[in-house]
Amino acid sequence: MADDLMQKIISLCKRRGFVFQSSEIYGGLKSAYDYGPLGVEMKRNLMNAWWRDTVHSREDVVGLDASIIMHPKVWQASGHLSGFSDPLVDCKVCKERFRADKAPAVEPGQEVTIELADKGRAKAALTYIEEQFGVTLKRSGRQLNGAKAGDRPYVCPNCGSPFMSDERNFNLMFRSFYGPVDPMGALASAIESGEFNGLSGADLRQKLDGFTKDSTVYLRPETAQAMFVQYANIQQSMSLKIPFGIAQAGKSFRNEITVEHFIFRSCEFEQMEMEFFCEPGTEDEWFEYWKETRMGWWKKFANNPENFRVRTHEASELAHYAKGCYDVEYRFPWGWDELEGIANRTDYDLKKHAEHSGSKIEYFDPVERKRYTPYVIEPAAGATRGVLTYLCDAYHEEQVEGPKGTDTRVVLKLHPQLAPVKVAVMPLVKKNGMPEKARALVDALFRRGINASYDAQNAIGKRYRRHDEIGTPWCLTIDGETLEDGTITIRDRDTMEQRRIPIDDAVTEIETLLRSE
RNA sequence: GCGGGAGUAACUCAGUGGUAGAGUGUCAGCUUCCCAAGCUGAAGGUCGCGGGUUCAAAUCCCGUCUCCCGCUCCA
C-alpha cells in the first residue's frame with residue numbers, strides 16, 4: 001500500500017498537470033522535473049505562505065533574492081569546495097563504492113583477508129582476481145587469504161580487498177564557465193603544441209585546472225551563503241538590530257550521488273532558508289524557538305500532524321559548521337525523512353567569510369557598546385520536498401456508493417491556502433442562462449484575486465470528482481433555484497455536503513472561508 | 001554505484017515472431033436539475049531510444065536512456 005501510494009501520486013501528478021518529467025519527449029533527464037499548471041500554483045502557494053509567515057508577518061526578518069552564481073571564493077570560504085569534493089573509490093571485487101578517507105587503514109604490503117558475502121561469491125572473486133590481477137589466493141569458506149595491500153593505505157570497508165579503482169573526485173557542486181570565451185579553445189591549442197607531453201597524474205590535473213580556473217564558477221549548492229555574504233550590507237542599509245533574520249527562497253543545485261523518490265531528492269531543487277543572527281549566549285534559546293516555530297508551521301497545513309516529528313542530530317552526524325541540529329521529518333511512504341533542518345551554525349560562516357574576504361563582519365551593539373560576531377540559527381526547509389510532503393499528506397481515497405455500485409473517490413485534502421484552484425464555479429446544466437451567471441461569478445472572483453475555475457464539462461458528478469482529485473476546496477453551482485431566488489449551492493470537498501447561499505454573497509463567503517482556514 | 005522490477009494511447013494495463021487492443025480519460029453533438037449519469041460520433045500509438053537476427057520484431061539478441069523498489073552514499 002505504501003509503495004502504491006507513491007505510484008498513485010506520481011500518476012495523478014502527471015494526469016492532472018502537477019508534475020511532469022523534464023524533457024520527457026527526449027527520453028527524460030535524470031532527476032529533473034517540471035511543475036505543470038497546477039504544480040506551479042501549489043509550489044508558489046507553499047512558498048508564498050512561508051514568505052508571508054517568515055518575512056511579512058514579523059518585524060525581525062527581512063528578505064533577499066541573491067544571484068545563483070556567486071564569486072567562487074564564497075565556496076572556498078564556506079567549505080563547500082573541499083567538503084563537497086570527496087575522493088571516491090570503487091572496489092573491484094565486491095563493487096562497493098566508498099570514500100577513501102573513511103576506509104579502514106592498512107600498511108602498504110600488509111597481508112589482508114578478503115571476506116565475501118558467501119562461498120559462491122568468494123569462488124567467483126578468486127577466479128576474477130587471478131584473471132585480472134594475476135594474483136593467486138587461497139580460499140577458505142567465504143574468505144580469501146594471501147592478498148597484500150598495495151600502495152594505498154586503505155582497503156575496501158566492505159570486503160577488505162585491496163583491489164580497487166583509482167581515486168576519483170566527485171565534486172558535488174555544478175561547475176560552469178563564466179564569460180563568453182570557451183576555455184576549451186586555449187586547452188586544445190595547448191595540447192596541439194605539446195604543452196601536456198609527458199604529464200600525468202596530479203601534475204596533469206593541475207595543468208588542466210590552470211586553463212579553467214579563472215573562469216570557473218559554481219551554481220549555488222544552498223541559498224544560505226548569500227545571506228552571510230550580504231549580512232553587513234543588509235544590517236547597515238536597514239539599520240537592523242540584533243536579533244534579526246534574513247530570508248531567501250530559491251533554487252539550489254547539487255550533483256547528488258544518488259537521486260531518489262520522485263521530487264524528494266533531485267539535483268536541482270528549491271529551498272526556503274532563513275539565517276537568524278543573534279548575540280552569542282542567546283543562541284540556545286533561539287535554537288529552541290525556531291524549532292518550535294517551524295514545526296508548528298508545517299503542522300498548520302497538515303491533515304495528519306502525527307506524521308511530522310522533530311529529530312535531534314547525534315554529534316557524529318553534525319555538519320562541519322554546526323554545533324547542533326534538529327530535523328523536521330515527515331513520514332513519507334518509504335519512511336521518515338528530512339523536510340527541514342534547523343541548525344546552530346554558530347559564528348562559523350561569518351568568521352570564515354571575514355577571514356577569506358578580509359572585510360570586517362561584525363555587529364556593534366550601540367546600547368551595550370560592544371562588538372561581536374553574531375551567532376546564527378538556520379531553519380533551512382526544502383520547498384520542493386514540501387510539495388511532495390503535502391501531496392502525500394493530502395492524498396485520500398474513500399469508498400462511496402453510486403448508481404453503478406461502490407466507487408473509489410480520490411480526494412486531495414489540500415489546505416485551502418495550498419490548493420491550486422480555490423473554487424470551481426459550474427452551471428448545473430448548459431442552458432437557461434446558467435453558464436452566463438457562472439462565468440460572471442468567476443469574473444467577480446478573479447477581480448478579488450481568487451484563482452477560480454469555470455467548469456461545464458460532462459455531468460455534474462464528474463466535475464465534482466475532478467475537482468476533488470486536484471484538491472479544489474469548494475464548488476459553487478448555479479441551478480434552477482438560482483434563477484428563481486438568486487441562491488446557489490456551495491459544496492465542501494471533504495464532506496461533499498452542500499448548502500445554499502445567495503449568489504451575491506458568494507465572493508465574500510469564499511474570502512471568509514479562505515481566511516478562516 | 002550494485003542488485004531487483006518496469007517502460008505499448010493522456011492514465012491503468014492486455015498483447016510471447018504474422019493486420020497494435022481494452023477500460024478510464026479527452027473532444028464534438030444531443031440529453032440531463034446535484035455526486036464515476038445516458039445516447040451518438042470522433043480524435044489520439046516513433047510499442048522509451050539505437051543497432052542486430054529474421055521473409056516478417058511490441059515480441060528474440062546486444063547496447064543505451066528513464067522511472068520505481070532495496071542497499072549504499074549524502075546534508
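In what follows, chains are A, B, ... by sequence order, proteins preceding strands, each numbered from 1.
Both A:Tyr464 and A:Glu260 lie close to RNA chain B; mapped to their nearest nucleotides by heavy-atom distance, the more 5′-ward contact belongs to A:Tyr464. When the nearest nucleotides of RNA chain B are assigned to A:Ser11 and A:Glu338 by heavy-atom distance, the more 5′-ward of the two goes with A:Ser11.
In this structure, the nucleotide among B:C34, B:G1, B:A28 sitting nearest to the side chain of A:Thr258 is B:G1. The side chain of A:His261 lies closest to B:C69, out of B:C69, B:C33, B:U72. Comparing B:C27, B:C33, B:C67 by their closest approach to the side chain of A:Asn458 singles out B:C27. The A:Gln21 side chain lies nearest to B:U66 when the options are B:U66, B:U32, B:A37. In this structure, the nucleotide among B:A28, B:C34, B:C33 sitting nearest to the side chain of A:Thr477 is B:C34. Minimum atom distance to the side chain of A:Lys430 is reached by B:U32, of the listed B:U66, B:C33, B:U32. For A:Glu256, the side-chain atoms get nearest to B:C74 when compared with the rest of B:U32, B:C69, B:C74. Closest to the side chain of A:Arg466, from the set B:U26, B:A37, B:C67, is B:U26. The side chain of A:Arg465 approaches B:A36 more closely than any other nucleotide in the set B:C74, B:C68, B:A36.
Side-chain contact between A:Gln498 and A:Ile490 is absent, with no heavy-atom pair separated by less than 4.5 Å.
A:Tyr218 does not carry A:Arg175 over the face of its six-membered ring by the limits of under 6.0 Å from the centre and within 45° of the normal. In this structure, A:Arg385 is not positioned above the aromatic face of A:Phe269 in the sense of NZ or CZ being under 6.0 Å from the six-membered ring centre and within 45° of the axis.
For the residue pair A:Glu273 / A:Thr223, a side-chain donor-acceptor distance below 3.5 Å is found, with atom types taken as modelled. Under the 3.5 Å distance criterion, with hydrogens and angles disregarded, no donor-acceptor pair is assigned to the side chains of A:His353 and A:Glu355. Neither side chain, A:Glu270 nor A:Thr384, offers a donor N or O lying under 3.5 Å from an acceptor on the other.
Using a 4.0 Å heavy-atom criterion, one finds that A:Tyr33 contacts the sugar-phosphate atoms exclusively. Within 4.0 Å of A:Phe262, counting heavy atoms only, lie sugar-phosphate atoms of the nucleic acid but no base atom. Counting non-hydrogen atoms under 4.0 angstrom, A:Thr408 reaches nothing in the nucleic acid. Residue-level contact check: A:Ser31 touches the backbone only, with heavy atoms under 4.0 Å from sugar-phosphate atoms and none from bases. Using a 4.0 Å heavy-atom cutoff across all strands shown, A:Gly480 reaches at least one base atom of the nucleic acid. Note on A:Gln457: only backbone sugar-phosphate atoms sit closer than 4.0 angstrom, heavy atoms only; bases stay farther off. Using a 4.0 Å heavy-atom cutoff across all strands shown, A:Asp337 reaches no nucleic acid atom at all.
For A:Arg309, the side chain to side chain contact (heavy atoms under 4.5 Å, CB included) criterion is met by A:Arg311, A:Glu329, A:Trp336, not counting sequence neighbours.
Rounded to whole angstrom, the span from the CG atom of A:Leu483 across to the P atom of B:C33 amounts to 13 Å. Computed from coordinates, the A:His467 NE2 to B:C34 C1' distance equals 15 Å when rounded to whole Å. Taking atom CD1 of residue A:Ile460 and atom P of nucleotide B:C34, one finds them 10 Å apart after rounding to whole Å. A:Leu12 has its CG atom 12 Å from the P atom of B:C11, to the nearest Å. Following rounding to the nearest Å, A:Leu38 (CG) and B:A10 (C1') show an atom-to-atom distance of 14 Å. Rounded to whole Å, atom C1' of B:U12 lies 12 Å from atom NZ of A:Lys14. A straight line from CE of A:Met434 to P of B:U32 spans 12 Å, rounded to a whole angstrom. The CD1-C1' distance, from A:Ile25 to B:G45, rounds to 15 Å in whole Å.
Ring-centre distance between A:Trp334 and A:Phe264: below the 6.0 Å cut-off.
Partner assigned to B:U26 is B:A42, using Watson-Crick or G-U wobble distances below 3.5 angstrom. Nucleotide B:G70 forms a pair with B:C2, judged by Watson-Crick or G-U wobble geometry with both contacts under 3.5 Å. Across all strands shown, B:C47 has no partner, as no Watson-Crick or G-U wobble contact with both distances under 3.5 Å is found. When both pairing distances are held under 3.5 Å, B:G17 makes no Watson-Crick or G-U pair with any nucleotide shown.
Nucleotides B:G45 and B:C11 have their C1' atoms positioned 14 Å apart, rounded to a whole Å. B:U59 and B:C47 are spaced 10 Å apart, taking the C1' atom of each and rounding to whole Å. Between B:C69 and B:A56, the distance separating the two P atoms is 41 Å to the nearest Å. Comparing the P positions of B:U16 and B:U53 gives an interatomic distance of 25 Å, to the nearest angstrom. Going from the P atom of B:C27 to that of B:A20 covers 29 Å, rounded to whole Å. The same atom, P, is picked in B:C39 and in B:U32; the two are 15 Å apart, to the nearest Å. A distance of about 36 Å separates the C1' atoms of B:U66 and B:A28, rounded to the whole Å. Spacing between B:G44 and B:A22 at atom P, rounded to whole Å, works out to 15 Å.
Within the structure, a side-chain polar atom (N or O) of A:Lys462 is placed less than 4.0 Å from OP1 or OP2 of B:A37.
For a distance-only test at 3.5 Å, the side chain of A:Arg491 qualifies as a donor-acceptor partner of the base of B:C35. At a cut-off of 3.5 angstrom, the base of B:C34 holds at least one donor-acceptor pair with the side chain of A:Gln498. For B:C74, the base has a donor-acceptor partner in the side chain of A:Arg265 [N/O atoms by modelled type, under 3.5 angstrom].
Sorted by first then second residue, the side-chain hydrogen bond (donor to acceptor under 3.5 Å, both in side chains) pairs that include residues 29-38 of chain A, not counting sequence neighbours, number zero.
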